[in-house]
Amino acid sequence: MEYEKICDEILNCDQHIRYVAIYDYGELFDKIRPGITSYLSREETEISLSQAIYRWSTRKKMVSKIGKPIFAMAKYEKVYRVTLPNNGAGLILVSIELDGNVLEIVEKILKIQRSYSEI
């Protein structure tokens, strides 16, 4: 899987996207927009993603009742963070500026996600 290419494609789909990561089978592939300083260290990001994977596993338990989870979003004081499952053992994480139209951006990301059969 070309995770670097996917990260680039997601990062380039909207100027409000700060950071993209794909966490799969314990490996982190990520890209940050040039000129942006990350709020979290790489280690903090990996810890956060491992916690997010656990939360996704609990969401999957509700599939028969409310359907398959598509994405999850949290708004923080500084950014939106959106997570989406991939077909591997991990997640896609996207950090978005607060002034971005987050739902419109998520739709762009979902379109990219669907264009890759294995993600």
Look up atom [atom1] in [X] and atom [atom2] in [Y], then write down how far apart they are to the nearest 0.5 Å.
| X | Y | atom1 | atom2 | value |
| --- | --- | --- | --- | --- |
| I36 | I17 | CD1 | CD1 | 11.5 Å |
| D8 | E2 | CG | CD | 10.5 Å |
| K108 | E9 | NZ | CD | 12.5 Å |
| Q15 | I105 | CD | CD1 | 8.5 Å |
| E46 | S41 | CD | OG | 8.5 Å |
| E97 | K78 | CD | NZ | 11.5 Å |

Work out which heavy atom in [X] is nearest to a heavy atom in [Y]; give both atom names and the distance.
| X | Y | answer |
| --- | --- | --- |
| C7 | D30 | SG-CA, 4.2 Å |
| P85 | W56 | CD-CH2, 3.5 Å |
| S48 | R55 | O-NH2, 4.3 Å |

Cluster overlap [X] with [Y], hydrophobic side-chain contacts below 4.5 Å:
| X | Y | result |
| --- | --- | --- |
| L11 | V106 | yes |
| L40 | M73 | no |
| L84 | V102 | yes |
| I112 | Y80 | yes |

* Structure fact -> side chain to side chain contact (heavy atoms under 4.5 Å, CB included) with Y23: of T83, I53, N86, only one passes, and it is I53
* **Donor-acceptor pair, side chain of R42 and main chain of L28, under 3.5 angstrom** =>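 Flag set: sc R42 to bb L28 pair under 3.5 Å.
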Check whether any side-chain heavy atom of [X] sits under 4.5 Å from a side-chain heavy atom of [Y], and report yes or no.
| X | Y | answer |
| --- | --- | --- |
| K75 | L98 | yes |
| V82 | I96 | yes |
| L110 | I70 | yes |
| V20 | Y3 | no |
| K31 | E4 | yes |
| P69 | V63 | yes |

* Worked verdict on V94 versus I92 for side-chain contact (heavy atoms from CB on, under 4.5 Å) -> CA-CA 7 Å; V94 181; I92 300 169; 4.0 Å; yes
* Verify the distance criterion only: is there a donor paired with an acceptor across the side chains of R18 and S38 at less than 3.5 Å? =>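 Side-chain D/A pair, R18 to S38: absent.
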* Apply side-chain contact (heavy atoms from CB on, under 4.5 Å) to E107 and K111, showing your working. => CA-CA 6 Å; E107 286 303 317; K111 185 176 180 180; over 6 Å; no
